[in-house]
2 protein chains.
Amino acid sequence: MTRAADRSKRPLRTSVWLDGRPPAGDAPRGDAPRGKAPEGRAPEGRAPAPTPGGARRPDQPTGLDLHRIVTETVALLDTDGLASFSMRKLAGRLGVTAMSVYWYVDTKDDLLELALDEVFAELPPNTEGEPIEASPDWWARLRALAHGYRAVLVRHPWVTTLIGNYLNVGPRSKAFSLAVQRVIRDTGLPPERRMGAIGATFQFVYGFGTIEGHFKQRCATAGMTQDEYYTEAIGSIRQSPEMAGYLESADEILAARGEGTVEELRERDFEVALDILIAGIEATTARG
Amino acid sequence: MTRAADRSKRPLRTSVWLDGRPPAGDAPRGDAPRGKAPEGRAPEGRAPAPTPGGARRPDQPTGLDLHRIVTETVALLDTDGLASFSMRKLAGRLGVTAMSVYWYVDTKDDLLELALDEVFAELPPNTEGEPIEASPDWWARLRALAHGYRAVLVRHPWVTTLIGNYLNVGPRSKAFSLAVQRVIRDTGLPPERRMGAIGATFQFVYGFGTIEGHFKQRCATAGMTQDEYYTEAIGSIRQSPEMAGYLESADEILAARGEGTVEELRERDFEVALDILIAGIEATTARG
DNA sequence: ACCTGAACACCGTTCAAGT
DNA sequence: ACCTGAACACCGTTCAAGT
């Protein structure tokens with residue numbers, strides 16, 4: 001019998017988080033290996049209170065841990081990608097049977113959702129020592145949040161794929177959302193336009209980070225630098241007859257972007273886009 | 001022996017399109033069932049010229065077709081989603097064995113890439129009777145392109161997932177890219193800022209369409225309307241103790257958006273975002 | 001409370017064989 | 001030229017059982 005409380009009576013599960021799961025100790029330290037919360041449905045079915053106080057029991061055979069599982073999941077996703085991630089592979093890395101993991105997690109999807117939120121801890125509002133709230137200029141804070149978000153997406157290319165599938169509402173992604181809402185409020189935009197502004201800015205970053213992250217990963221698995229891959233790809237396109245006329249138009253833009261590595265060019269494009277967004281918010285605020 | 005020309009000598013395959021595949025007759029009509037091109041590598045290995053002229057041979061046992069395969073793939077992806085799509089299921093729908101499909105297609109990934117480009121035919125520059133080029137105002141055309149792109153992403157939620165994984169360069173997505181480049185050129189932005197502007201606009205639409213499409217799909221599989229699902233989800237969040245303070249801040253924005261269904265609200269947000277982007281492009285142009 | 005092993009119902013893809 | 005069937009090496013997950 002697994003811990004899978006009552007999977008049958010769960011017709012509409014939108015997220016691990018909306019089903020009574022505790023925020024995993026609020027910090028990803030190696031605390032109590034407590035598995036999942038009793039689903040908060042019927043307190044009568046509760047077990048004898050597992051390890052009161054939440055202290056780590058040292059006499060455990062495998063030393064398995066929700067936190068250890070999530071951490072290893074993130075590591076595996078980073079190196080091998082989402083497509084090749086499997087419960088069996090993960091279990092192998094953890095030195096246990098595939099089914100051991102299922103004691104701590106209901107499904108693979110739930111585990112991925114946990115990994116997703118874990119990674120949001122790297123974002124500006126959560127990182128220590130960087131009080132971006134300190135800056136009085138909203139545009140400086142907006143830029144900081146955008147750069148932080150982008151960095152996460154690029155570091156973990158699987159994140160964008162997952163965000164689309166689980167509309168994430170874990171504790172850490174929540175913190176980020178709140179920081180975003182505060183910045184947008186400080187722009188002076190009237191409330192009815194704030195949602196649109198949030199979308200324009202962070203959906204852009206999401207899209208940008210998606211392309212960038214997947215490109216980076218592709219280069220890595222091909223064993224090439226980004227510049228090598230880029231020139232190789234351009235070469236391929238140039239040889240294919242159907243693609244004539246495409247580069248003809250694109251070349252103009254590419255040439256105008258001037259000197260620099262692929263990464264430098266992309267950096268500039270990102271800044272330009274942020275300039276446009278900030279200018280647009282300013283213009284729309286003044287107008288309203 | 002399958003048609004898989006020389007899969008072993010293909011270490012860096014970025015795309016079906018960059019490997020000599022013909023544009024499938026340029027239009028997805030039921031033309032010659034020709035499978036894949038001979039990979040354009042060594043013309044000596046060519047078969048006796050398959051059905052000269054490209055006319056459809058009526059004596060075929062199953063009537064299988066690259067076009068029929070791609071069309072059915074799109075249909076299946078639309079109804080069941082990317083996660084549950086399988087070659088075996090597809091074959092079943094087509095009334096053939098799983099392996100029959102592999103005569104026309106090298107891998108599942110290649111097939112998905114073909115489906116991806118197929119769907120770009122629904123976009124403005126390809127659709128007939130809508131000469132968006134006619135409008136002299138760049139912002140009107142930009143809005144049209146943005147709306148068209150968004151519509152595709154919402155109609156086919158699997159598209160955003162795939163675009164991230166295969167940086168798509170099929171003939172139809174190429175047509176869309178060209179239309180985008182033309183609009184941005186007409187904004188009067190200096191060339192070195194155009195790439196940033198393209199990103200700001202269409203990465204935003206990509207992100208927006210991703211969330212919207214997946215949300216719609218989620219509602220559909222749950223058998224609820226978008227409004228039902230929305231209020232249900234809000235209710236779940238409100239009950240969870242960790243989420244207090246989240247809605248507190250979000251409520252302000254939600255309330256300010258005023259009356260309307262979820263879809264109407266989203267529509268307004270999208271327009272506001274486009275307003276911001278267009279205003280930003282204008283401001284940046286004037287400034288430069 | 002935590003972990004295992006065997007089993008089920010799936011995958012994508014290869015290969016040899018049919019017509 | 002086109003299609004099949006069996007087989008291989010995988011999946012996620014259930015279930016009954018161990019300690």
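Quick note on labels: first sequence line is chain A, next is B, and so on, each numbered from 1.
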- Query: Would you call the rings of F176(A) and Y149(A) parallel, tilted or perpendicular if under 30° counts as parallel and over 60° as perpendicular?
  - Reply: tilted
- Atom-pair distance (OH on Y104(A); P on dT13(D)), nearest Å: 18 Å
- Query: Hey, what do you get for OG1 (T221(A)) to CE (M224(A)), rounding to the nearest 0.5 Å?
  - Reply: 10.5 Å
- Any idea which of dA6(C), dC2(C), dT14(C) is nearest the M99(B) side chain? dT14(C)
- Query: Are E72(A) and L90(A) close enough that some pair of their side-chain heavy atoms sits under 4.5 Å apart?
  - Reply: yes
- Query: When rounded to the nearest 0.5 angstrom, what distance separates CG in L94(B) from OG1 in T73(B)?
  - Reply: 7.0 Å
- Between CG of L112(B) and CG of D117(B), what distance do you get to the nearest 0.5 Å? 13.0 Å
- Residue whose nearest DNA chain C nucleotide is more 5′ - A98(A) or D109(B): A98(A)
- Which of these nucleotides, dT4(D), dC2(C), dT4(C), is closest to any side-chain atom of W103(A)? dC2(C)
- Item | Reported NE2-to-CG distance for the pair H214(A) and L153(A), which is rounded to 0.5 angstrom | 9.5 Å
Could you run down the sub-3.5 Å N/O contacts of the protein with nucleotides 7-12 of chain C?
from	atom 1	to	atom 2	distance (Å)
dC11(C)	OP1	S86(B)	OG	3.3
dG12(C)	OP1	M87(B)	N	3.3
dG12(C)	OP1	K108(B)	NZ	3.1
dG12(C)	OP2	M87(B)	N	3.1
dG12(C)	N7	R88(B)	NH1	2.3
dG12(C)	O6	R88(B)	NH1	3.3
dG12(C)	O6	R88(B)	NH2	3.2

- Would you sketch DNA chain D in dot-bracket for me? Only Watson-Crick or G-U wobble pairs with both distances under 3.5 Å count, crossing pairs as [ ], other-strand pairs as |, the rest as dots. ||.|||||...|||||.||
- Whether Y229(A) and F215(A) hold their rings parallel, tilted or perpendicular, with breakpoints at 30° and 60°: perpendicular
- Task: Could you tell me which residues satisfy salt bridge (charged side-chain N to carboxylate O under 4.0 Å, His left out) with E212(B), sequence neighbours excluded, listed by chain and number?
- Result: R150(B), R266(B)
